[in-house]
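Reading through the structure tokens given below for one structure.
Note that this is a predicted model, so its numbers are computed, not measured. Throughout, a chain's letter reflects where its sequence line sits, starting with A, and its residues are numbered from 1.
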Amino acid sequence: MVNQELAQIFYNFAIFLEMDGEAFKPFAYERAGAVLEVLTEDINDIYKKEGLKGLERIPGIGVSIAEKIEEYLKTGEIKYYEQYKKKYPVDVKELIAVEGIGPKMVKALWKELKIKNLKDLERAAKAGKIRNLPHFGEKTEKNILQSISFLKREKGRFLLGGILPTVQEIIGGLKSLKEVKSVSEAGSVRRRKETIGDVDILVASSKPSKIIDYFVSVPGVVKIWAKGPTKASIRRKEGFDVDLRVVPEKSYGSALQYFTGSKEHNIVLRQIAVNKGLKLNEYGLFKGKKMIAGKTEEEIYKKLKMEIMEPELRENTGEIEAAQKNALPKIIGYQDIKGDLHCHSDWNGGENSIEEIAKAAMAMSYEYIGIADHTKFLRIENGLDEKQLKERNKEIDRLNSKIQISNSKQISNFKFQILKGCEANIMPDGSIDIEDEALEKLDYVIAGIHSQFKITKDKMTKRIITAMKNRNVDIISHPTGRLIQKRDEYQIDFDEILKVAKETGTILEINSYPERLDLRDVYIKKAKEAGVKMIINTDAHHINQLHFIGYGISQARRGWAEKKDIINTQSLEYLLEYFK
DNA sequence: GCCGTTTTCGGCCCGACTGTTTTCAGTCG
């Protein structure tokens, strides 16, 4: 989307301006970039409808940046920006990604050594050329090399799903110490972002040294980066870094608020504090020298005259304004899901029998579970044909009656049901790979794209729309097809898809699989605004993956989704009626 | 370059650390 292209340009713009020592413009451009990145409307549509004035209506975009957006939409480039690209023919984004390198260093490296990209930087550092530059030294050079090797190995970020279990383990360990009064994850982990750079953990205690000593000696620590009186930084064997900070109880709330971020959220919060004649930092909220809040996050937000919001909302994408008006959404909770409708059994590529899946679902206190085996097109996953699907349905009927009989004697109002579903394949022309007659026998039908991702935007949009108009199709799985850090989403006109989803009552999936998390948060927000229903599913191929649901819920929360927007927060009766 | 229940001009978030320096610029979160 053109929004993202412009966002990236403005981010780079900000860096160029900072290289030239501009004082306040970089901040303005960075803000414009951040605003565009999360803007749900297509900037091109806004411009077409309302022209320059429409652009200037967007907060953070004024006359000058609006004109640059116009220029980009009309000509595909921005002259002023092109001039900078000529002046500094450098891959700023790549270089700035190196820990410890900022705009000023990029400039020096270019001017003195003609370093343009990561490759040049690595070569120069290995040759020992960097240490001779003014304001650089041996240690800086060594740090740069370390940073580059980390970047190359891990691309710098980790999937939330890959690290959260370990984080919770570490926190559990800290909780067991009697010196620990409170402990929580902070930073992007607490905000449940899709990917995590490094992990922040915060502890309240009056005995910091004991906590620090324990923290650096836990099994799994492979390197201690820093160990001070109240903070420590380590690398885990899994490859990511963890920062721990210990603060006194009276500052725990302000520190938690501060270290949870996001940076953008905090900037605005501190500004609001300043406007009220107050000062906010990690030690508390102050009026002059007097501390007026700090023990809890609630009292800080309250003193700043707003509702406290869930960490997943703290991105400065409208939550602060909403909180000031007491108009925060009541986002879906982690206990609100009543069942998972996208599980693969051993009838296709999955690892567990339907009975095992049902038992695991009951253990999670679900009211229903849906088996959505692949259909025949997906040979590699043993997709089921019409006949096999019929056999599988019989098995589900058998299990359902067995469950009812075995439980009716013990709990009178017990209800649990296994639903008959499938994840059918959407063919390139939008048709479904299995007969309508077979689909009609099911409780519900998921349809998804599993092949031919690289077709034009127009064709892909039509393909999905054709599938949604099939009267048997209830849900579209992983609607944009992206795999985080592996594959971009396919080209679609999302607004058009929302329109047809609304007309046909088709549900869009929020796939909880850690590398999918598809829909993304901005799309969830759009779907909610369009009144399109969503469902949070796991796509589990093993019962150990049923807990992925938490990541999908996080994603929904970051998209401001409420309970009513998510259909599997509802009862079985409601669901079956809706599908019919 | 943006913005306005103190302002259409004069402000713009805050503190700590690091590595290079003899007092601080640059970077980070």
Side-chain angles (χ1 to χ4, degrees), chain A residues 10 13-35 55-69 80-81 95-109 130-144 146-147 186-191 193 196-202 225-233 241 243 245 247 251 254-286 304-305 314 316 320 324:
Chain A
F10 289 143
F13 225 133
I15 297 165
F16 283 141
L17 291 164
E18 221 166 307
M19 285 164 71
D20 270 2
E22 292 275 359
F24 297 106
K25 281 193 207 177
F27 182 79
Y29 276 95
E30 206 181 302
R31 170 138 192 254
V35 167
L55 299 178
E56 283 174 43
R57 254 193 324 102
I58 303 167
I61 293 176
V63 181
S64 179
I65 290 183
E67 279 172 0
K68 289 185 178 68
I69 293 174
Y80 188 31
Y81 179 62
L95 289 175
I96 246 111
V98 179
E99 189 96 351
I101 291 191
K104 299 293 164 68
M105 284 192 172
V106 170
K107 185 179 181 180
L109 291 165
I130 289 180
R131 63 182 72 176
N132 300 323
L133 296 181
H135 297 289
F136 287 73
E138 242 177 89
K139 206 145 186 192
T140 309
E141 188 176 83
K142 205 179 124 221
N143 286 342
I144 286 174
Q146 270 198 348
S147 232
S188 50
V189 176
R190 185 160 179 243
R191 304 200 312 282
K193 295 285 281 184
I196 306 296
D198 56 23
V199 175
D200 293 296
I201 294 177
L202 187 73
W225 296 114
K227 180 173 176 266
T230 61
K231 56 188 276 190
S233 181
D241 292 345
D243 292 341
R245 295 162 209 262
V247 298
S251 291
S254 49
L256 187 57
Q257 193 288 315
Y258 178 86
F259 290 116
T260 296
S262 67
K263 190 177 151 213
E264 291 74 17
H265 175 92
N266 285 354
I267 287 174
V268 177
L269 228 57
R270 286 197 287 266
Q271 180 67 61
I272 289 170
V274 168
N275 291 346
K276 294 188 188 304
L278 307 172
K279 190 175 74 168
L280 177 64
N281 59 31
E282 59 263 54
Y283 305 107
L285 182 64
F286 296 90
L304 293 175
K305 297 270 184 295
R314 301 183 196 171
N316 188 32
I320 293 175
Q324 286 174 321

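- In this structure, Gly261(A) reaches neither bases nor backbone, as no heavy-atom distance under 4.0 Å exists between it and the strands shown.
- At distances below 3.5 Å, at least one donor-acceptor pair connects side-chain atoms of Ser147(A) with backbone N or O atoms of Glu99(A).
- Nucleic acid contact class of Val98(A) (heavy atoms, under 4.0 Å, all strands): sugar-phosphate only.
- Pro26(A) comes within 4.0 angstrom of no nucleic acid atom, judged by non-hydrogen atoms across all strands.
- dC14(B) and dT6(B) have their C1' atoms separated by 23 Å, given to the nearest Å.
- No donor-acceptor pair under 3.5 Å is formed between the side chain of Ser188(A) and the backbone N or O of Arg191(A).
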field: Working for side chain to side chain contact (heavy atoms under 4.5 Å, CB included), residues Leu133(A) and Thr140(A)
entry: CA-CA 10 Å; Leu133(A) 296 181; Thr140(A) 309; over 6 Å; no

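- With C1' as the reference atom, dT8(B) and dC13(B) are 23 Å apart, rounded to whole Å.
- With a 3.5 Å ceiling on both atom-pair distances, the Watson-Crick or G-U wobble partner of dT18(B) is dA25(B).
- Atoms NZ (Lys227(A)) and P (dC17(B)) sit 16 Å apart, rounded to a whole Å.
- When atom types are taken as modelled, the side chain of Asp20(A) and the backbone of Glu22(A) share no donor-acceptor pair closer than 3.5 angstrom.
- Here the P atom of nucleotide dT20(B) and the CD1 atom of Ile130(A) are 12 Å apart, to the nearest Å.
- The residue Pro134(A) sits apart from the nucleic acid: no heavy atom pair falls under 4.0 Å.
- Checking dT27(B), dG1(B), dG29(B) against the side-chain heavy atoms of Asp198(A) singles out dG29(B) as nearest.
- Across all strands, Glu22(A) comes closer than 4.0 Å to no nucleic acid atom at all (heavy-atom distances).
- Rounded to an integer number of Å, the gap from OH of Tyr283(A) to C1' of dG29(B) is 13 Å.
- Summarising the geometry, the separation between CG on Asn316(A) and C1' on dG29(B) is reported as 16 Å, rounded to the nearest angstrom.
- Positionally, the nearest nucleotide of DNA chain B for Tyr29(A) lies more toward the 5' end than for the other of Tyr29(A) and Gly100(A).
- One P atom belongs to dT7(B), the other to dC12(B), and the distance between them is 16 Å to the nearest Å.
- Across all strands shown, Glu264(A) has no heavy atoms under 4.0 Å from either base or sugar-phosphate atoms.
- Close to dG1(B), at under 4.0 Å from its OP1 or OP2, lies a side-chain N or O of Lys68(A).
- Straight-line distance from the CE atom of Met19(A) to the C1' atom of dT27(B): 15 Å, rounded to whole Å.
- Taking atom P in both dT21(B) and dA25(B), one finds a spacing of 14 Å when rounded to whole Å.
- A distance of 9.5 Å separates OG in Ser254(A) from CZ in Phe259(A), rounded to the nearest 0.5 Å.
- A pairwise comparison of heavy atoms in Lys276(A) and Leu304(A) identifies CE-O, 3.5 Å as the closest pair.
- For the OP1/OP2 pair of dT18(B) and a distance below 4.0 Å, the side-chain nitrogens and oxygens of Thr140(A) include no atom meeting the criterion.
- Both Leu17(A) and Ala226(A) sit near DNA chain B, but only Leu17(A) has its closest nucleotide nearer the 5' end.
- Between the CD atom of Glu30(A) and the P atom of dC2(B) there is a distance of 15 Å, rounded to whole Å.
- Remark: Gln257(A) CD to Arg314(A) CZ distance equals 6.0 Å, nearest 0.5 Å.
- Here the C1' atom of nucleotide dC2(B) and the CD atom of Glu67(A) are 14 Å apart, to the nearest Å.
- Rounding to the nearest 0.5 Å gives a distance of 5.5 Å between CG of Leu17(A) and OH of Tyr80(A).
- dA25(B) atom C1' lies 9 Å from atom CE of Met105(A), rounded to whole Å.
- In this structure, the nucleotide among dT20(B), dG29(B), dG1(B) sitting nearest to the side chain of Lys139(A) is dT20(B).
- The same atom, C1', is picked in dG26(B) and in dT20(B); the two are 10 Å apart, to the nearest Å.
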Base versus backbone protein contacts along nucleotides 5-14 of chain B [heavy-atom cut-off under 4.0 Å; B, S, -]: -------BBB

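- As rounded to the nearest Å, dT23(B) and dC17(B) have C1' atoms that lie 16 Å from one another.
- Of the candidate nucleotides dT20(B), dG29(B), dC3(B), dG29(B) has the atom lying nearest to any side-chain atom of Asp200(A).
- Looking at heavy-atom distances under 4.0 Å, Ile101(A) makes contact with sugar-phosphate atoms alone, never a base.
- Of all heavy-atom pairs between Glu141(A) and Ile130(A), the closest is OE2-N, 3.0 Å.
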